[in-house]
Each structure stands twice: as C-alpha cells, then as structure tokens.
Undergrad: 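Questions regarding the structure given below will be posed in turn.
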Amino acid sequence: QVQLVESGGGLVPAGGSLRLSCVASGRTFKSYFMGWFRQAPGKEREFVAGISWSGGMTRYTGSVKGRFTISRDNAKNTVYLQMNSLKPEDTAVYYCAATKDLTFTPRRVDYWGQGTQVTVSS
C-alpha cells in the first residue's frame, strides 16, 4: 500500500515558477514509477511527467518539455515537479501517482494523491 500527499500548489502569474512535492508512505515506494498528472475543468486527466525508481529515466508530455523537471529522492520518499515559465494553460489540479506501468497510462495507475491546485494568471 502506498499513500501519496502532494503540496506546493498555488496561484502564480504567467512566467512564474512553482515546485510541487509528493511524499509517499509505504515501504514499496522504490518499486514504482512515479508520475505527475493534471486535470483541468472539463478535461480528462493527462500525463505530465514521469520518472523511474532510480531517476535515470524521465518522460514529459510535449507541452511541458523544457519548462518542467521531475525528480525524486528515494531516501525521503519524495518526488518533485519543478515548474518554470508557467502559462495560463498549465492551470489544473495536479496529481501525484505511483504506477508499475511504464507508459504512464492514467487507468493503469496504482495509487493517486488527493491533488493540489495550480492556477496561473494571465
């Protein structure tokens, strides 16, 4: 069993930065790929970024490449999402996820956090 708790969301002007954190509980944290997803009002939940247990593999959706960076600290059971050059279209609820699916398909996620709101003003 893995429990995920996100923090770090908020309101930021366009061009600003935020860092999201996700603390995981459970001894099996290291065996999961970790990812960040987001869901805007009226839209489906979408993959944003993912990372392997070692941190050696990272993936990003095209719209955030070069702006967002995912990282993890297994000693702290924590995964981070550094978000720079934020745009209004990045506004969404951001969810931390633990999965054993390398494709980071939302329906195959094993555990979800409760979500944290990110709002980017224009």
Side-chain angles (χ1 to χ4, degrees):
Q1 189 81 359
V2 176
Q3 292 183 326
L4 305 172
V5 179
E6 303 101 329
S7 61
L11 174 64
V12 63
S17 298
L18 282 174
R19 188 176 82 154
L20 305 183
S21 299
C22 172
V23 179
S25 62
R27 296 181 296 174
T28 59
F29 173 70
K30 292 182 181 180
S31 65
Y32 288 89
F33 298 109
M34 297 299 296
W36 288 96
F37 294 73
R38 65 187 180 188
Q39 188 166 18
K43 294 188 176 181
E44 292 186 352
R45 193 168 298 188
E46 65 171 353
F47 168 75
V48 176
I51 190 167
S52 63
W53 75 270
S54 69
M57 183 279 292
T58 57
R59 292 187 176 178
Y60 299 91
T61 192
S63 62
V64 308
K65 283 182 180 178
R67 300 189 298 123
F68 291 11
T69 302
I70 189 170
S71 61
R72 68 191 291 170
D73 185 338
N74 287 338
K76 296 181 178 180
N77 279 10
T78 302
V79 62
Y80 305 97
L81 185 67
Q82 178 66 44
M83 305 185 295
N84 299 327
S85 302
L86 282 161
K87 304 176 181 180
E89 51 264 42
D90 294 317
T91 295
V93 177
Y94 282 70
Y95 295 90
C96 179
T99 181
K100 293 193 175 181
D101 172 39
L102 181 60
T103 67
F104 294 100
T105 301
R107 62 182 174 84
R108 294 176 180 172
V109 166
D110 294 280
Y111 301 100
W112 293 101
Q114 83 287 353
T116 185
Q117 177 70 46
V118 172
T119 303
V120 184
S121 60
S122 57

Undergrad: Kindly give the heavy-atom pair with the smallest separation between R45 and P106, and that separation in Å.
TA: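 Looking at all heavy atoms of both residues, the shortest contact is O-CG, 3.9 Å.
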Undergrad: Checking Q117 now: which residues fulfil side chain to side chain donor-acceptor pair (under 3.5 Å) with it, not counting sequence neighbours?
TA: T119
Undergrad: How about N84 and S17: does a side-chain donor come under 3.5 Å of a side-chain acceptor?
TA: yes
Undergrad: Give me each pair satisfying salt bridge (Lys or Arg N to Asp or Glu O under 4.0 Å) with a member in residues 95-120, each pair once, sequence neighbours excluded.
TA: D101-R108
Undergrad: Heavy atoms only: give me the nearest A92-A40 pair and the separation to one decimal.
TA: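 Answer, listing the atom of A92 first, then A40: CB-N, 3.8 Å.
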Undergrad: From F68 CZ over to T58 OG1, what is the distance, rounded to the nearest 0.5 angstrom?
TA: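 With rounding to 0.5 Å, CZ (F68) is 14.0 Å from OG1 (T58).
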Undergrad: Hey, is the main chain of G55 close enough, under 3.5 Å, to the side chain of R72 for a donor-acceptor pair?
TA: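 No; judged by distance alone, with no hydrogens or angles, the pair does not exist.
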Undergrad: Mind checking the CZ-OG spacing from R67 to S85? Nearest 0.5 Å is all I need.
TA: 7.0 Å
Undergrad: Could you measure the distance from the CD1 atom of I70 to the CE atom of M34? Nearest 0.5 Å is fine.
TA: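 Reported value, rounded in 0.5 Å steps: 8.0 Å.
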Undergrad: Which pairs, with at least one residue in residues 89-122 and sequence neighbours excluded, count as a disulfide bond (SG atoms under 2.5 Å apart)?
TA: C22-C96
Undergrad: Could you check if a side-chain atom of W36 sits within less than 4.5 angstrom of a side-chain atom of F47, using non-hydrogen atoms only?
TA: no
Undergrad: Quick check: do Y80 and L20 have side-chain heavy atoms less than 4.5 Å from each other?
TA: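 In short, these two side chains do not touch, never coming nearer than 4.5 Å.
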Undergrad: For S63, enumerate each residue passing the side chain to side chain donor-acceptor pair (under 3.5 Å) test, keeping only those at least two apart in sequence or located in another chain.
TA: R38
Undergrad: Less than 4.5 Å apart, any side-chain heavy atom of V118 and any of T91?
TA: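 A side-chain contact is absent here, since even the closest heavy-atom pair is not under 4.5 Å.
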Undergrad: Between M83 and L86, which heavy-atom pair has the shortest distance, and what is it?
TA: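 In terms of heavy atoms, the two residues are closest at CB-CD2, 3.8 Å.
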Undergrad: Of all residues at least two apart in sequence or in a different chain, which pass the side chain to side chain contact (heavy atoms under 4.5 Å, CB included) check with S52?
TA: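 Listed in chain order: F33, S54, M57.
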Undergrad: For the residue pair L81 and A49, what are the closest heavy atoms and their distance?
TA: CD1-CB, 4.0 Å
Undergrad: Counting the benzene-type ring for Trp, do Y95 and F37 have ring centres under 6.0 Å apart?
TA: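 Centroid separation for Y95 and F37: 6.0 Å or greater.
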Undergrad: Once ring pair (Phe, Tyr, Trp, His ring centres under 6.0 Å) is applied, do any residues pair with Y60, and if so which ones, sequence neighbours excluded?
TA: none
